[in-house]
Every structure is written in structure tokens, then in C-alpha cells.
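Each chain gets a letter, A, B and so on, in the order its sequence line appears, and its residues count up from 1.
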There are 2 protein chains.
Amino acid sequence: MPQPSAPRKALGRPPRISREEVIETARRIVDTEGVGRLTMRRLAMEIGSTAMALYHHVRNKEELLVLLLDDYAARTLQRPELPAQPRERIVVAAATIHEALAACPWIVEVLTADDLMSTSALWFVEQIVDGLVECGLPPERAVHGYRAIWYYTAGEIVVRTTAARRRTDDDRPTYRERAFAELDPSELPRLAQVADHWAPLTAEDTYLEGLRALVDGLLTPR
Amino acid sequence: MPQPSAPRKALGRPPRISREEVIETARRIVDTEGVGRLTMRRLAMEIGSTAMALYHHVRNKEELLVLLLDDYAARTLQRPELPAQPRERIVVAAATIHEALAACPWIVEVLTADDLMSTSALWFVEQIVDGLVECGLPPERAVHGYRAIWYYTAGEIVVRTTAARRRTDDDRPTYRERAFAELDPSELPRLAQVADHWAPLTAEDTYLEGLRALVDGLLTPR
DNA sequence: GTGAGTTTCTATACATGTAAAGAAAGTAGC
DNA sequence: GCTACTTTCTTTACATGTATAGAAACTCAC
């Protein structure tokens, strides 16, 4: 990996492409043609290089996607006016991250990679942890609380967008549909009762309600 | 796909392998050598067929993994004695699913695919929804509550196991580590304060606490 | 039996991520 | 200039999932 501020003249063959150029070009491809069109060869061609050359600037494709996400976050994640009340501040901070992430559907492949810990997201993490501490949680429980919020948020996005993707590229009945069709009302009465409304209920966006519940639960002394 | 109870004699060329055989063999490979060794070609060889022949019994590799998960759930997911108290029943039901899923680390590729809706898991879903209703939630809010629990559960497993996997096959510092190293205490005081304990805190298993908080929050009238 | 229809299986081909080997293009010391 | 060293880039190759075309093995209607 290149050293940005080498004290002396750079050693070795001078690079013809940079990590920034790779990321920028990748972003352009993703923006205009979707993440499905982003392949290493295609990206290399666009840059005027070879696929393997990219691997000197990016560890692998997954890292490239993480960098893209970082880049995306840095460009679009605005810091909103947060409410003064700490509990509400937590909710708004988490919801803002959630909204930003939900807006880029190609995120799933990356989201599972790690905590979302791009530099631009750290501020939101700070707000959440700080809010939890201000509400009376000791610091380590605040960190645990943040993690719970992150699990919930990441899970919502991953499950939801994958389900959506599956729906678009496949018409056959899903497991869920089959399972509900064969459902035995005497053994699973509640599910039988709501079976008809399951799909629409599931389609509703209830992220915020769940988030509020979670935050409330985290803050209620046990 | 084959019709299990065809009224007349089966039409077409008689199959030489069955979906069951495919799944069983796949399971054996996964159990003995890990999911990384499960390739379509390898599986076909083991069965004594060709890779493409598998595609008549399984839609694609992802479906095969889903079927494997179903199979796994059907074999190992025991229905525990659930507490009578509904709130506690919800917690135990969710925790049981969580424990079962967390035990098979290859699950990540599948988990994001859909709700976990294998037939054997439906009973747990029933218990959760029923518990929420018994605690006073109207049915549609109970379904939303179940979804929140599922998001949290799936998110925990996905994030945690992917992080673990990444740690094993890569020694270089993660983004998180780098981000924390460069952290500016004047801008992000709370994070700076807990920076040293972040890694150990994150390593702790706090699924149950988070789950309890979430369930509590879902059940507190707003 | 023959031909049509149906299902399963085989052979081949392709796109993709990336490993491995080594060539290319520079600097540093002499 | 020459050699050693370092970094970047190119070439080639491979494993993998899966699309496509068509062969194979059956049943059925006649």
C-alpha cells in the first residue's frame, strides 16, 4: 500500500493508477449501471488497466465495496440537527444512519462485513453512545446498547433488501408462502390467524417503532 | 420439480438422483469438511453425477443452502419446555432459535435470504407471536414485534459471525481499529473514552440482554 | 412398433474473482 | 553505467456458479 507522505522519493515502479481513481470509477459504474455491473475486469477496462492491477490498490472486491460505502457515507451522510433530549437523539441518530443505508440497496454484500465504522458514521455512533450514557447507562452498557441498536438496524436492512431482491428476480413461491399455505391451524393457531395479513404486515416499514421499543427497553432499569 | 404422488406412472426419463440424496450428500460434505468445500462439482462427483444435473433437483446453490438449513433445523431444533409466563416465553423461544443458528457458522450466506421460515422454526414463531398477543398486543403489532425480534436476531448472527470470519482469514487491521486509532477525543469524547475497551466489550455476548430490552420495549405501552 | 411429448442428464461454454509468476520501471549505492 | 532492491503492472491459469443446447430414457396414443 502506498505511503501518502513518503519522506524521500518514492521507491519502485511509479503507480499509474491510484486507489482514489479506482474508487471513483467504481462509484461511477455503480451509480450509472448498478452494482451488478461492477466487475474487476470491467472496472480495470474503464480505468485502462488490467484486473489484477487493481489488487495493488484494493485488497479484494469486498474491500472495494466497503470503500465505496465509506465514500458514499462521506458524501451523503449529513449530520442532522439532533434533538436535545438524549433518548430522542439516539433514535434520530440511528434512524438517520438507517435511512442512508437503506437508500443504497447494493449495501447488503458489505453490511455484513463489519460494523459500519466508516469515519463519517462515527459521529452518529458517538451520539448514540453519548445519549445512552446521558440517560444513565454506565459506559460499558452504553456500548452494549449501541451494539444492540446496530444489530437491529443491520438486520432490518439486510433481511429487507435481500427479500426485496429475491422477489424481483424470482417469481416462484417462497418458502414462507409455502409454509403458510400448509399451515396447520390446530398446532399454530396464532400464525393461522394472521396468515392472510402476514405479507402486507411484513411489507410495512416498522423500523422506527422497533427502534423506539429497543431504545425504551435499553433505558428502562431492570 | 418432481411430483411426489403422481397419480399415474411418472413421465419422462426416470431420475437417477433425488433431491434428498443431494441434500444428504451436501450435509455430509458440510459436516465433515466445512461449507467452504461444498461446490456444485464436488457434490456432483460425490453423488456420481454432473454439476448441472443437480440443477434439476435444486434451483441453485443458494436454495441448496436454504434446504440444508431447513434440514439442520428439522434435525436439531428441539422444542424446549417454555415458561408459562408469556414475556419469558418470548425470550426463551427467540433465544433458542438464536442459539441453534449461531451454532452453524456457515449460515450467514443463507440467513440474509429470507425470514427463517423453515417448517420446524414456525413453532417458535408461533410462540413468540402468541406471547406478544397474550401480553396485550393486538395481532398486527405482535407480528411487527416478531419481525423486530427477528431483525435483531438475524443481525446479531450475521454481523458477529462475519466479523469472526474476517478476523480468522485476515490479520491486517480492520477499519474499526484504524478508525479508533485516529479518533479525535475533542470531537468524539465518548468513543475516545471507551476506545480501549471497545474490542473486549464488543466480544462479549450480549444477545440476551439486548433481546430482553427489545421485548420489554415492545411490551411497554407507549 | 412409431412418433410425440416429457423429464432428466451430459457436454460445452462463459463470466467472475483471484492466485502465481514474472516483467517493467523506478531509486540507491557503488 | 551497473547491480540490487522495491513497487507496480501484465500474463496466464484456475475454481466456481450456471446458462445453453441437445442427448437419453422414459410414457402414451395410435
Side-chain angles (χ1 to χ4, degrees), chain A residues 1-22 25-26 29-30 33-68 106 109-110 113 166 169-170 172, chain B residues 1-22 25-26 29-30 33-68 106 109-110 113 166 169-170 172:
Chain A
M1 298 290 145
Q3 245 160 317
S5 62
R8 48 175 70 197
K9 221 152 190 189
L11 213 58
R13 177 176 176 168
R16 297 169 49 156
I17 61 181
S18 68
R19 177 189 269 232
E20 286 67 38
E21 193 183 353
V22 171
T25 313
I29 295 177
V30 169
E33 308 182 37
V35 72
R37 282 291 165 75
L38 180 67
T39 71
M40 299 305 271
R41 276 170 244 260
R42 167 73 198 284
L43 177 54
M45 219 187 57
E46 209 90 351
I47 287 185
S49 183
T50 66
M52 290 312 294
L54 303 177
Y55 285 79
H56 268 264
H57 305 271
V58 148
R59 197 180 309 175
N60 49 34
K61 193 179 179 182
E62 189 185 311
E63 184 185 74
L64 173 61
L65 289 173
V66 173
L67 290 169
L68 270 182
W106 49 273
E109 15 257 286
V110 180
R166 168 158 310 192
D169 53 42
D170 201 339
R172 274 180 275 189
Chain B
M1 300 288 146
Q3 244 159 318
S5 61
R8 50 174 70 199
K9 219 147 189 195
L11 213 58
R13 177 175 176 168
R16 297 170 47 159
I17 60 180
S18 67
R19 178 189 266 228
E20 286 67 38
E21 193 182 354
V22 172
T25 313
I29 296 177
V30 169
E33 308 184 37
V35 72
R37 283 290 164 74
L38 181 67
T39 72
M40 298 306 270
R41 277 171 244 259
R42 167 75 197 282
L43 178 53
M45 218 187 59
E46 208 92 349
I47 287 186
S49 183
T50 68
M52 290 313 294
L54 303 177
Y55 286 79
H56 269 263
H57 305 272
V58 148
R59 198 180 306 175
N60 49 33
K61 193 179 179 183
E62 189 184 312
E63 184 185 75
L64 173 61
L65 289 172
V66 173
L67 290 169
L68 270 181
W106 49 273
E109 14 257 284
V110 180
R166 169 158 310 192
D169 52 43
D170 202 340
R172 274 180 276 190

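- Whole-Å rounding puts the A:Leu11 CG to C:dA28 P distance at 7 Å.
- Closest non-hydrogen pair, B:His57 versus B:Pro15, comes out as CE1-CB, 4.4 Å.
- Atom CZ of B:Arg19 is separated from atom NE2 of B:His56 by 13.0 Å, given to the nearest 0.5 angstrom.
- A straight line from CZ of B:Arg19 to P of C:dT8 spans 12 Å, rounded to a whole angstrom.
- As rounded to whole Å, 13 Å separates atom P of C:dG17 from atom CZ of A:Arg37.
- In this structure, of C:dC9, D:dT10, D:dT16, it is C:dC9 that holds the atom nearest to the side chain of B:Ile17.
- Nucleic acid contact for B:Arg16: sugar-phosphate only, since backbone atoms but no base atoms lie under 4.0 Å from a heavy atom of the residue.
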Hey, mind stepping through A:Glu63 and A:Asn60 against side-chain contact (heavy atoms from CB on, under 4.5 Å) and telling me if it holds?
CA-CA 5 Å; A:Glu63 184 185 74; A:Asn60 49 34; 3.7 Å; yes

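- Between A:Glu21 atom CD and D:dT8 atom P there is a gap of 14 Å when expressed in whole angstrom units.
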Can A:Leu65 and A:Val30 be said to form a side-chain contact (heavy atoms from CB on, under 4.5 Å), step by step?
CA-CA 10 Å; A:Leu65 289 173; A:Val30 169; 5.6 Å; no

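- Distance, A:Leu54 CG to C:dT16 P: 14 Å, rounded to whole Å.
- A straight line from CZ of B:Arg41 to P of C:dA11 spans 13 Å, rounded to a whole angstrom.
- The side chain of B:Lys61 approaches D:dT18 more closely than any other nucleotide in the set D:dT27, D:dT18, D:dT8.
- The nearest whole Å value for the distance from the OH atom in A:Tyr55 to the P atom in C:dA21 is 17 Å.
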Protein-to-nucleotide contact annotation, 5' to 3' order, nucleotides 20-25 of chain D [B base; S sugar-phosphate only; - none; under 4.0 Å, heavy atom]:
B---BB

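- B:Arg37 has no carboxylate O lying under 4.0 Å from a charged side-chain N of B:Glu46, or vice versa, which leaves the two without a salt bridge.
- Note: A:Met52 CE to A:Arg41 CZ = 9.5 Å, rounded to the nearest 0.5 Å.
- The nucleotide whose nearest atom lies closest to any side-chain atom of A:Met40 is, among C:dT18, D:dC28, D:dT10, C:dT18.
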Chi angles and distances behind the side-chain contact (heavy atoms from CB on, under 4.5 Å) call for B:Leu54, B:Ile47:
CA-CA 10 Å; B:Leu54 303 177; B:Ile47 287 186; 4.2 Å; yes

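- Contacts with DNA chain C (heavy atom under 4.0 Å) in residues 44-51 of chain B: B:Ser49, B:Thr50, listed by number.
- Atom CD of A:Glu62 and atom CG of A:Leu67 lie 10.5 Å apart (nearest 0.5 Å).
- Atom-to-atom distance recorded for A:Ile17:CD1 and A:Thr25:OG1 is 8.5 Å, nearest 0.5 angstrom.
- Contacts of B:Leu38 with the nucleic acid, taken as non-hydrogen atoms under 4.0 Å apart, involve only primed sugar atoms and P, OP1 or OP2.
- Atom CG of B:Leu43 is separated from atom P of D:dT16 by 12 Å (rounded to the nearest Å).
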